[in-house]
Engineer: 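Can you read through this structure? Questions will come right after.
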2 protein chains.
Amino acid sequence: MQRLIAHISKFIELTEEDRETILSCIQYQEVKKKDYLLRQDAICNANYFILKGCFRQYYINEKGLEQIIHFGIDNWWITDYDSLERRTPSEYYIQAVENSEIAVLDKRVKEELFSKIPGLERYFRLILQRAYAASMQRIKYIYEFTGEERYYHFSNLFPEFIQRIPQYMLASYLGFTPEFLSKIRSKKI
Amino acid sequence: MQRLIAHISKFIELTEEDRETILSCIQYQEVKKKDYLLRQDAICNANYFILKGCFRQYYINEKGLEQIIHFGIDNWWITDYDSLERRTPSEYYIQAVENSEIAVLDKRVKEELFSKIPGLERYFRLILQRAYAASMQRIKYIYEFTGEERYYHFSNLFPEFIQRIPQYMLASYLGFTPEFLSKIRSKKI
DNA sequence: CTGAAAAATTGAACCAGTTTAAGAAATGAC
DNA sequence: GTCATTTCTTAAACTGGTTCAATTTTTCAG
């Protein structure tokens, strides 16, 4: 759990008391590969901090296929902000891609924590700022590059990551079919 | 400027003193059509609240074409969070699409305001949460629908808005060429 | 009102990526 | 180990959308 404290400390100052307060409010949890943190139509109730492991956020599209819109790995928060905040049924699944460890911050507990440690409000603002900027960047890549370019760009940027996940998930995330990814890869040899 | 105060009040409680503090910290500004709030390679220095009008955020892609990644209209904040926070040269232009009125919140002043009114930290967190959720939603639409479907979806959702902007801007935002938009529209008649 | 610039249309040739379907390879549970 | 399931590959036919180039329409400054 120290990973989470360390992460928060990179953004705001925490007293020893703050640390203890935070630790008393969050729950450690192990999650097995393929287990879900959230399913479609459920209302999301927590923010999840990934201590170790990998998760994917996806929805089932009109053709009945899984479309991955987000990956979360070590030291990232993951949740459905829309469902969490507006108390609406989620459109997304959040599922462990590998055996993982997380810290769970329940919605209600989060509000309490904010009143005890107002600095956390700032921490989450900064986290969201980064996430939003990354999301804009992602839209930029989708428009700017062909599928093949996106694949090479992504595998240069995260060479270890593409070893960790099945190819069909990468294809889905990058916005094309597994067949097309196969085609790209076979070209290279 | 009361529009901004009203907007903030929808998210957090403000005392009369808070209102005055905020009003003393932000600057009213009129912006003419085609004027820029931000240019590529400049470092972004403020958050801009659109009191009235319309802005587009775009970049110049590898082919030298303008690619719009975002529109901002009445009652939305617009900025380049990445450049603003990390003090890096921006990749984006932010330009007025029509004569507009804005409230400017300078970066340094913003930090002062946060220390005077800590609740604003929460306000911006909530704003960002919405913006991030909308951005995820946008990625979902890009993957889920064809260009034609995106066009009809968008014009059903914002029928007045498509009257306000040139078609080539809409095409760029939706991720296809003006020629293709022409084709879609001619089909309909 | 007028001319120049900006925006929208049209059509033909083209290409990036999908679909479908079948087989091969890798993984994992017992 | 071995069988079932999951993942990956290959190839042909197809389609959504682009590119290029020429033309028309709209907008707007003087």
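By convention in this document, chain letters (A, B, ...) are assigned in the order of the sequence lines, proteins followed by strands, and residues within each chain are numbered from 1.
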Engineer: Would you give me the side-chain donor-acceptor pairs under 3.5 Å for residues 34-42 of chain B, sequence neighbours excluded?
Structural biologist:
{"residue": "B:Tyr36", "atom": "OH", "partner": "B:Tyr58", "partner atom": "OH", "Å": "2.9"}
{"residue": "B:Tyr36", "atom": "OH", "partner": "B:Gln95", "partner atom": "NE2", "Å": "3.3"}

Engineer: Would a distance-only check, ignoring hydrogens and angles, find a side-chain to backbone donor-acceptor pair under 3.5 Å from B:Ser9 to B:Ile5?
Structural biologist: yes
Engineer: Below 4.0 Å from chain A heavy atoms, what is the first contacting nucleotide of DNA chain D and what is the last?
Structural biologist: D:dT7 to D:dT10
Engineer: Once you measure the plane-to-plane angle for B:Phe49 and B:His7, does it fall in the parallel (<30°), tilted (30-60°) or perpendicular (>60°) bin?
Structural biologist: tilted
Engineer: side-chain contact (heavy atoms from CB on, under 4.5 Å) with B:Ser135: which residues, sequence neighbours excluded?
Structural biologist: A:Tyr132, A:Ser135, A:Ile139
Engineer: To the nearest Å, give me how far apart CD1 (B:Ile142) and C1' (C:dG17) are.
Structural biologist: 16 Å
Engineer: Under 3.5 Å, which protein N or O atoms sit close to an N or O of nucleotides 5-9 of chain C? Give each pair with its distance.
Structural biologist:
{"residue": "C:dA7", "atom": "OP1", "partner": "B:Tyr168", "partner atom": "OH", "Å": "3.3"}
{"residue": "C:dA7", "atom": "OP2", "partner": "B:Tyr168", "partner atom": "OH", "Å": "3.4"}
{"residue": "C:dA8", "atom": "OP1", "partner": "B:Gln167", "partner atom": "N", "Å": "2.9"}
{"residue": "C:dA8", "atom": "OP2", "partner": "B:Gln167", "partner atom": "N", "Å": "3.2"}
{"residue": "C:dA8", "atom": "OP2", "partner": "B:Tyr168", "partner atom": "N", "Å": "3.0"}
{"residue": "C:dT9", "atom": "OP2", "partner": "B:Gln167", "partner atom": "OE1", "Å": "3.0"}
{"residue": "C:dT9", "atom": "OP2", "partner": "B:Ser182", "partner atom": "OG", "Å": "2.6"}
{"residue": "C:dT9", "atom": "O5'", "partner": "B:Ser182", "partner atom": "OG", "Å": "3.0"}

Engineer: Rounding to a whole Å, what distance do you find between B:Phe180:CZ and C:dA12:P?
Structural biologist: 17 Å
Engineer: Go through residues 52-67 of chain A and report each residue with a non-hydrogen atom lying under 4.0 Å from DNA chain D, sorted by number.
Structural biologist: none
Engineer: Is a side-chain donor or acceptor of A:Arg3 paired with a backbone partner of A:Lys52 at a separation under 3.5 angstrom?
Structural biologist: no
Engineer: Looking just at side-chain N and O atoms, do B:Tyr93 and B:Gln57 make a donor-acceptor pair shorter than 3.5 Å?
Structural biologist: no
Engineer: Could you work out the complete set of other residues in the hydrophobic cluster of B:Tyr141, with links drawn between I, L, V, M, F, W and Y side chains under 4.5 Å apart?
Structural biologist: B:Phe145
Engineer: Any donor-acceptor pair under 3.5 Å linking the side chain of B:Asn99 with the backbone of B:Lys32?
Structural biologist: no
Engineer: Using heavy-atom distances to pick each residue's nearest nucleotide on DNA chain D, tell me which of B:Lys33 and B:Gly175 is more 5'.
Structural biologist: B:Gly175
Engineer: Would you say A:Arg150's side chain and A:Leu174's backbone share a donor-acceptor pair under 3.5 angstrom?
Structural biologist: yes
Engineer: Output yes when a side-chain donor or acceptor of B:Ser186 lies under 3.5 Å from a complementary backbone atom of B:Lys183, and no otherwise.
Structural biologist: yes
